[in-house]
Asker: 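Before I ask anything, here is the structure I am working with.
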Protein chains: 2
Amino acid sequence: MPSLSTAQMRVPVVTASAVEEFARGGFHGTTVADVARAARISPAYVFKLFPSKERLFVAALDDCFRQIVETLGVAADGAAGGPPDGILDAMGGAYAELIADRSLLMLQVHAQSVADIPEVGQALRAGLATVVRLAKTRSGASDEAVQRFVAVGQLCHLIVTSGIEDVPDEWASILTAGIRHP
Amino acid sequence: MPSLSTAQMRVPVVTASAVEEFARGGFHGTTVADVARAARISPAYVFKLFPSKERLFVAALDDCFRQIVETLGVAADGAAGGPPDGILDAMGGAYAELIADRSLLMLQVHAQSVADIPEVGQALRAGLATVVRLAKTRSGASDEAVQRFVAVGQLCHLIVTSGIEDVPDEWASILTAGIRHP
DNA sequence: CATGTGAGTGACTGTACAGTCACTGCGCGG
DNA sequence: CCGCGCAGTGACTGTACAGTCACTCACATG
């Protein structure tokens with residue numbers, strides 16, 4: 001065993017496992033035992049670190065948006081000084097790269113699916129608000145461009161979840177045209 | 001009791017109940033008993049009409065896309081002869097009206113969430129293919145316009161699922177600008 | 001060594017759900 | 001009037017899961 005760990009140090013590890021596992025199975029399709037196994041601890045201890053399955057899911061979702069915001073911020077820094085649409089484009093590229101492993105993307109989709117759980121809906125709106133505000137203020141682009149930015153992101157989610165990335169048909173290529181998927 | 005009914009006549013009724021119930025709770029959050037109750041039959045009989053919960057869900061999803069395609073087709077008929085973007089616009093308006101009750105919208109989101117179930121992913125792709133092909137051939141619009149049409153639809157799903165329709169903040173109005181929600 | 005504290009768990013409970021099966025009642029042809 | 005087939009169900013099974021609780025163990029301090 002590499003090093004000691006207090007409960008506070010365990011929390012981020014468990015949260016990371018929760019992101020991974022909930023991304024795989026969604027809220028109802030993932031058990032607390034799944035997360036516990038991925039984090040190499042007992043299910044009982046998960047409930048010592050998080051008061052309920054809902055709160056665990058929310059922690060995962062918060063972490064998901066935290067990563068996204070951080071990545072978008074770095075991309076905005078890199079393109080700062082350029083034209084607004086260039087900055088948005090850089091952010092879009094960074095986002096595409098970030099969600100290449102599908103976890104952060106799937107977690108968002110699963111969150112939409114259980115957004116009627118109040119705490120989840122709240123966390124979803126909070127994350128979305130941060131992203132939209134970030135895109136707007138850091139790029140300085142028009143409202144329409146920011147809206148399009150988010151819409152394309154959602155299209156991206158659809159492409160990945162429905163697995164049409166490698167469908168060779170005409171209709172599929174209409175949807176995937178110009179969308180980055182590394 | 002109004003009229004007699006054979007098993008074949010029950011199927012569409014149960015399917016309609018399945019749309020409603022699965023739209024409410026998603027695949028894992030809805031029990032077969034929920035659907036049975038909504039359809040006023042016993043859970044056991046649902047399994048006589050559908051071989052498994054998965055197949056029941058797929059039947060609901062197919063019905064969802066059937067309604068969408070039908071609605072979009074009628075809208076395209078109504079706007080036929082006009083400019084391509086006008087036809088797409090008419091289809092968009094009809095879609096917005098159709099999903100006003102949220103059932104068909106939520107069911108699609110839930111389907112994305114469990115698209116890793118092979119039968120569900122398949123049904124999702126099939127429905128999507130039909131919609132895209134319909135939008136393209138009936139409107140005659142450019143590939144980019146059709147892609148934008150779908151992207152806006154997905155943005156619409158995000159707006160509804162995350163419940164930002166009546167969030168008064170700046171960021172929310174950026175996302176909802178110009179989107180029809182009756 | 002005695003003892004206190006917090007990390008971590010095994011074992012349990014109550015509940016809920018997918019799917020099954022033997023059964024009932026009814027309409028209809030003979 | 002009889003019996004056959006089909007609509008429809010009650011009751012059951014096995015399993016799985018969220019959450020709890022009493023417990024152990026490692027360590028630190030006096």
Side-chain angles (χ1 to χ4, degrees), chain A residues 1-61 110-111 113-114 116-120, chain B residues 1-61 110-111 113-114 116-120:
Chain A
M1 293 304 107
S3 72
L4 274 187
S5 62
T6 78
Q8 280 305 328
M9 302 197 113
R10 286 273 191 190
V11 168
V13 175
V14 176
T15 303
S17 298
V19 169
E20 208 81 14
E21 292 300 309
F22 279 128
R24 181 191 313 277
F27 180 76
H28 292 293
T30 302
T31 73
V32 174
D34 290 335
V35 176
R37 193 177 318 114
R40 313 272 202 174
I41 62 177
S42 70
Y45 195 43
V46 175
F47 285 104
K48 287 242 166 118
L49 301 177
F50 297 88
S52 68
K53 190 186 180 186
E54 283 80 3
R55 291 293 200 82
L56 177 60
F57 185 84
V58 167
L61 187 59
H110 290 314
S113 174
V114 290
D116 56 315
I117 298 174
E119 302 161 277
V120 174
Chain B
M1 296 305 109
S3 73
L4 274 186
S5 62
T6 78
Q8 280 305 327
M9 304 197 112
R10 286 274 191 189
V11 168
V13 176
V14 176
T15 304
S17 298
V19 169
E20 207 81 13
E21 293 300 309
F22 280 128
R24 181 191 314 277
F27 181 76
H28 291 293
T30 303
T31 72
V32 174
D34 290 335
V35 176
R37 195 177 318 116
R40 311 272 202 175
I41 62 177
S42 70
Y45 194 44
V46 173
F47 285 103
K48 287 243 166 117
L49 301 176
F50 298 88
S52 69
K53 190 186 180 185
E54 283 81 3
R55 291 294 200 82
L56 176 59
F57 185 84
V58 167
L61 188 58
H110 291 313
S113 173
V114 290
D116 56 316
I117 300 174
E119 301 162 277
V120 174

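Numbers restart at 1 for each chain; the letters A, B, ... are given by sequence-line order, proteins then strands. Here the structure is a predicted model, which is why all the values come from computation and not from measurement.
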Asker: Would you check if Arg10(A) and Ile41(A) make a side-chain contact, meaning some heavy-atom pair closer than 4.5 Å?
Answerer: yes

Asker: Expressed in angstrom and rounded to an integer, what is the separation of Arg37(A) atom CZ from dT9(C) atom C1'?
Answerer: 15 Å

Asker: Can you name the residues that form a side chain to side chain contact (heavy atoms under 4.5 Å, CB included) with Val32(A), not counting sequence neighbours?
Answerer: Val46(A), Phe47(A), Lys53(A)

Asker: Measure the shortest side-chain to side-chain distance between Val114(B) and Ile117(B) over non-hydrogen atoms and say whether it is less than 4.5 angstrom.
Answerer: yes

Asker: What's the CE-C1' distance between Met9(A) and dA7(C), to the nearest Å?
Answerer: 14 Å

Asker: How would you list, by chain and number, every residue that makes a salt bridge (Lys or Arg N to Asp or Glu O under 4.0 Å) with Glu119(B), sequence neighbours excluded?
Answerer: Arg55(B)

Asker: Measure the NE2-NE2 distance between His28(A) and His110(B) for me, rounded to the nearest 0.5 Å.
Answerer: 8.5 Å

Asker: So which atom in Phe50(A) and which in Ala59(A) form the shortest heavy-atom distance, rounded to 0.1 Å?
Answerer: CE2-CB, 3.6 Å

Asker: Give, for atom CG of Leu56(A) and atom CG of Leu49(A), the distance between the pair rounded to the nearest 0.5 Å.
Answerer: 9.5 Å

Asker: Could you list, one pair per line, each protein nitrogen or oxygen that sits under 3.5 Å from a nitrogen or oxygen of nucleotides 16-19 of chain D, together with the distance?
Answerer:
from, atom 1, to, atom 2, distance (Å)
dA18(D), OP1, Lys53(A), NZ, 2.9
dA18(D), OP2, Val32(A), N, 3.1
dG19(D), OP2, Lys53(A), N, 3.1

Asker: Sequence neighbours left out, cut at 3.5 Å: what donor-acceptor pairs do the side chains of residues 17-27 of chain A make with other protein atoms?
Answerer:
from, atom 1, to, atom 2, distance (Å)
Ser17(A), OG, Val13(A), O, 3.3

Asker: Under 3.5 Å between N/O atoms: give me all the protein pairs with nucleotides 9-12 of chain D, atom names plus distance.
Answerer:
from, atom 1, to, atom 2, distance (Å)
dT9(D), OP2, Ser42(B), N, 2.8
dT9(D), OP2, Ser42(B), OG, 3.1
dT9(D), O4, Lys48(B), NZ, 3.4

Asker: Residues of residues 12-19 of chain A with any non-hydrogen atom less than 4.0 angstrom from an atom of DNA chain C: list those, numerically ordered, please.
Answerer: none

Asker: Only pairs at least two apart or in different chains count here, so list each side chain to side chain donor-acceptor pair (under 3.5 Å) that has a residue in residues 29-45 of chain B.
Answerer: Thr31(B)-Asp34(B), Asp34(B)-Arg37(B)

